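Each remark here refers to the structure printed beneath this line.
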Amino acid sequence: MIVKICGIITLEDGLAALDAGAEMLGFNFYPPSPRYLTVATCTELVSALRAGVSQFSAVGVFVNGHPDEILRIMSTCDLDLAQLSGDEPPGDLVAVGAGRAFKSIRASGATAIEEAGRYAVQPGASHPALLLDAATGAGQYGGTGLSADWQTAAQLAAAYPLLLAGGLRPDNVAAAVRQVHPWGVDVASGVESSPGRKDPALMRAFSQAARNAAQF
């Protein structure tokens, strides 16, 4: 069970997330988000985190960015993966590169199944085929705290290595894992003490609950 903690904006929170057991850290480049950070800040942050630990996957979260700009930021910040969380066409995944990007879809039911067929990429050991987030209205790109459709998520997880996001918290992630059986789980607001600031105890509880549930 892979744990991704998204929206890291400080070294303290990044180190605490890794100490809690996260294998993936997300860094948000969408300016309206309370978890947004600049390229310069991310570069310093990832460098400091890599100096302190052996290995983790650094994931840039992008919304409707041009592939060339995404690749530039990935190179500058030493990011491993790009999570495309906007309204990007499937061709943008190809443009960023095989094994370097995956798509976040915000839908449920038949719409989610259809979008998964268009956007799922070849998974690797360190990245999923796609991410499922909560269905939202136009102009909303995740981080809402709303829950994804777990019934649809279970269908997708049976077909693809799925990273499940959307409203996950320490008190519900075990139920989500038991129902969906995802490749991994993704959390941001569910482990925060305030918008953008992570709570070490909540991150530890989240990771432990997810992994304990995955054993059954």
Side-chain angles (χ1 to χ4, degrees), residues 1-38 41-42 45-46 49 56-65 73 77 79-86 101-107 127-128 130-137 139-150 153 162-177 180 182-211:
M1 173 58 56
I2 300 298
V3 172
K4 174 173 174 277
I5 296 181
C6 201
I8 299 296
I9 60 174
T10 70
L11 178 60
E12 177 186 10
D13 286 354
L15 291 172
L18 294 171
D19 185 63
E23 292 94 349
M24 306 177 81
L25 299 183
F27 303 92
N28 195 316
F29 294 98
Y30 182 52
S33 171
R35 302 168 190 92
Y36 167 77
L37 76 175
T38 66
T41 298
C42 184
L45 182 52
V46 172
L49 288 168
F56 70 94
S57 290
V59 183
V61 179
F62 301 93
V63 174
N64 299 330
I73 292 173
C77 297
L79 302 178
D80 300 294
L81 296 166
Q83 175 182 314
L84 306 188
S85 292
F102 61 94
K103 185 72 173 71
S104 169
I105 60 175
R106 306 175 310 281
H127 69 88
L130 60 116
L131 179 151
L132 182 68
D133 206 339
T136 58
Q140 292 182 303
Y141 299 105
T144 64
L146 299 174
S147 293
D149 177 351
W150 292 357
L162 178 74
L163 184 58
L164 178 65
L168 297 178
R169 307 179 304 273
D171 63 356
N172 70 3
V173 68
V177 169
V180 176
W183 173 88
V185 288
D186 186 349
V187 63
S189 61
V191 292
E192 290 182 342
S193 55
S194 61
R197 293 309 309 269
K198 302 298 187 275
D199 183 299
L202 291 177
M203 290 191 289
R204 285 194 298 272
F206 182 90
S207 296
Q208 290 170 2
R211 293 206 168 89

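Below, all heavy atoms of this structure are taken into account, side chains as well, without hydrogens, waters or symmetry copies. Just so it is clear, the structure is predicted and the values come from calculations on it, not from any experiment.
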Go through Val3 and Glu23 one step at a time and tell me if the side chain to side chain contact (heavy atoms under 4.5 Å, CB included) criterion holds.
CA-CA 6 Å; Val3 172; Glu23 292 94 349; 3.9 Å; yes
Applying salt bridge (Lys or Arg N to Asp or Glu O under 4.0 Å), can you list everything that pairs with Asp19, at least two apart in sequence or on another chain?
none
Do Ser85 and Gln83 meet the criterion of a side-chain donor-acceptor pair at a distance under 3.5 Å?
yes
How long is the span from the CG atom in Leu131 to the CZ atom in Arg106, to the nearest 0.5 Å?
10.5 Å
Roughly how far, to the nearest 0.5 Å, is CG of Leu162 from CG of Leu130?
5.5 Å
With a 3.5 Å distance limit and no angle check, can you tell me whether Asp13 reaches the backbone of Thr10 through a side-chain donor-acceptor pair?
no
Exam field: side chain Arg35 to backbone Ala188, donor-acceptor pair closer than 3.5 Å:
no
Within this structure, what is the CD1-CG distance for the pair Ile9 and Leu37, rounded to the nearest 0.5 Å?
8.0 Å
If you define the side chain from C-beta out and look only at heavy atoms, does anything of Ser207 sit under 4.5 Å from Met1?
no
Any side-chain heavy atom of Pro128 sitting closer than 4.5 Å to one from Ile2?
no
Looking only at heavy atoms, which two atoms of Asn172 and Gly167 are closest? And how far apart?
ND2-O, 3.0 Å
Note, Asp80 side chain near Val59 side chain (heavy atom, < 4.5 Å):
no
What is the distance from atom CG of Asn28 to atom OH of Tyr36, rounded to the nearest 0.5 Å?
9.5 Å
Which pair of heavy atoms, one from Trp150 and one from Ala176, lies closest together, and at what distance?
CZ2-CB, 3.5 Å
Would you check if the side chain of Lys103 reaches a backbone N or O of Leu132 as a donor-acceptor pair within less than 3.5 Å?
no
Smallest heavy-atom separation, Ala210 atom then Val177 atom, equals O-CG1, 4.0 Å
Smallest heavy-atom separation, Ala174 atom then Ala209 atom, equals CB-O, 3.9 Å
Min side-chain heavy-atom separation Phe27-Ile73 under 4.5 Å:
no
With rounding to the nearest 0.5 Å, note down the distance linking OG in Ser193 to CG in Asp199.
5.5 Å
If you look at every heavy atom in Asp133 and Gly166, which pair is closest and at what distance?
OD1-CA, 3.3 Å
Going by heavy atoms in the side chains, are Val61 and Tyr30 under 4.5 Å from each other?
no
Any carboxylate oxygen within less than 4.0 angstrom of a Lys/Arg side-chain nitrogen, looking at Glu192 and Lys198?
yes
List the atom of Gly60, the atom of Leu79, and the distance in Å for their closest heavy-atom pair.
CA-CD1, 3.7 Å
Return the CG to SG distance between Leu25 and Cys6, rounded to the nearest 0.5 Å.
9.0 Å
One pair to check against side chain to side chain contact (heavy atoms under 4.5 Å, CB included): Met24 and Asp186. What are the steps and the verdict?
CA-CA 9 Å; Met24 306 177 81; Asp186 186 349; over 6 Å; no
